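Beneath this line is the structure, given in structure tokens, with notes to follow.
Treat the numbers as computed from the prediction; the structure is a model and nothing was measured. Throughout, a chain's letter reflects where its sequence line sits, starting with A, and its residues are numbered from 1.
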Amino acid sequence: MAAPLPKRIIKETERLQNEPVPGISALPHDDNARYFDVMVEGPGGSCYEGGVFNLELFLPDDYPMTAPKIRFLTRIYHPNIDRLGRICLDVLKNNWSPALQIRTILLSIQALLGAPNPEDPLNEAVAKQWKENQAEAIKTAREWTALYATAKK
Amino acid sequence: MQRLEARRGVEEQHFLARRARSHSYNPPVDLRLVDYVSSYDPNLMCPICRCPFVDPVVLAECGHCFCRECIRQSWNTQTTTYTPHGPHGDCPSCRTPARLRPRSTTNNILINMTDELIVRCPKSDEGCKAEVKRGEVQDHVNIYCGFTLVECGADHCELPVRRKDVAQGCLHYGVSCLSCRKELDKCNLDCHWRNDCPARQTECAVCKSMVFPRDLAEHSSTACAAISVPCPGAALGCSNRSTGAQARTHADTCMLAKLAPILTTQHERLEEQEAAQKQMSRKLEVLEDGFTTIQSILSPFSSDNMVDKLGTDPAPGPRPTDLPGPYSADFDLDAPASFSAPNTSAGPYASPLHHLLHMHESLRDEISRISSALSELDGRHSMQNLNENLRTREEISYIGAQLGGLQRQVHWLTSAQLHRQQAGRSPTPGSATSAGTAITDATSGAGVEAALGAVNTAATALRGAARMVNVGGREASGMRRGASEEGRTKL
């Protein structure tokens, strides 16, 4: 029998439902309250504007002492996100703090979309393109957003 | 002696074993897992476990507060190396390097506030209805709660039993549930019936669905599908009443339900506006009253005329230039032409209010001019009076001098007469004749005295007249001054 769900996860889930962050939604799976389906809208003014990106989020057993595991499911052209959707973000790795929450982490990811950081790349090809020809890279990112991250009508 | 010690040793072992067992039956209450009945301030929440602080500590380096256990756990996962000075790491809130000192603690106020929150007994799932302060919940479980597991009272039975059931003897014998035929111990039957037994579910009176007894209250208040709810747009005329899930779908489709919140806000705004308008109109009335009173004060004869004009012709436009006419008729004391000149030259007014203000201004000018004229008149009159008085006084003094001469003459006459009488009386040659002259003298003396008295009275009368002239002049000037002051205060 699995350990009872910590109060903190229940509270965070409730708060995500009751006071959702604009542009972000996270729904736990019915059969596993530690597994969330996340949707993040591309921030306005960025090359991901208008896109809706799906992510998966898993809270490990020792959450909140370790960071949640997050991965992009939607393909995205971004220097800090690789082909498998893994994210290079300090607060998900060494800089995790138990005082952070699901909502703050998702906000950080949304901010990362708004401010790509090619100096600390995960996807070398994209980062190279971003540094050498930023206009072209942004154009590609827009195309990818339109191609993969736009809601199908 | 040895036997005694051996027995004590056995007893002690027995006691320790019992305590260990009871400890394992009833692990200490984890205060982070209890349900809080009272709502609490979010500031009392540990940022790590998101529960009210349990044994809070304040990090001396940055001042952030956490549960002792939370901060210790968070640092244990970060640094596994041995730390001789106690656990240390970065503050989870601000990343300041900090250290957990053995004596680190916090203010008692914080501890008291969190310990006074009301929580539900951790055994509430099993049926305990107690709600106690968090600081006392451990005592409640250890001492009072009827659902705490204790050792069975029967001999040779070491199985746990609920405290309230101890008196019933050993309940550790197998029974089967009457309803579902499940085999279980007698002591667990109550709990089974309350929470688990599918055959013991009660039927919701409204929706006919089967509910566990413990969930009944919640079911009927929120979940029951058959309790019909009116459409949110009922106030707007939607008569639909539907149940549970249907109500939700109806609310999604019903236009009235969607409009309801908008319309209610609109309605509220409308009412606000109306109230504001009412206030404004009252203010306007008061102002209009003020204007009419001002007008009636300024022009008692033409006020009706003015009000009519204001009422029937509120639109701004050229005002009739003959309006100042009635006013100038009242103030014809000096130069009516100069009074009406600014009005006619100013031409059309932006609004009746401007016209009134302008008129008021010109009236004020007029009044000041009148008051200066009055003061001038006042001066002229006082000079005139002074001149008149001077002349009258001169006349009076002249008359007084004449009167003095007359008096002297009369005095001389009477003294001469008296001399003659005395001279006549001393020789007494003819008493008869002298007597006759004496009689005539006496009569003449009496006449002279009467004349003297008359002259005296005339003099006093003259003096009185002079005084009256003086007083009259002073009074007249005083009255004029009073009148001019009155005129000024009226403005």
Short question: side chain of A:R8, backbone of B:I48 - any donor-acceptor pair under 3.5 Å?
yes

Do the side chain of B:R95 and the main chain of A:N95 share a donor and acceptor less than 3.5 angstrom apart?
yes

What one should report as the nearest heavy-atom pair of B:P52 and A:K11 is CD-NZ, 4.5 Å

Any chance CE of B:M113 has more than 12 other-residue heavy atoms, nucleotides or ligands included, within less than 6.0 Å?
no

Side chain of A:K7, backbone of B:C51: donor and acceptor closer than 3.5 Å?
no

Over 12 non-hydrogen atoms of neighbours within 6.0 angstrom of CG in A:L84:
yes

Tell me if the CG atom of A:N94 is crowded by more than 12 foreign heavy atoms within 6.0 Å.
no

A:R86 CZ: over 12 foreign heavy atoms closer than 6.0 Å
no

What do you reckon, is CG of B:D41 surrounded by more than 12 foreign heavy atoms closer than 6.0 Å?
yes

Of the options B:P47, B:S74, B:P92, which is the one that meets A:S97 in a side chain to side chain contact (heavy atoms under 4.5 Å, CB included)?
B:P92

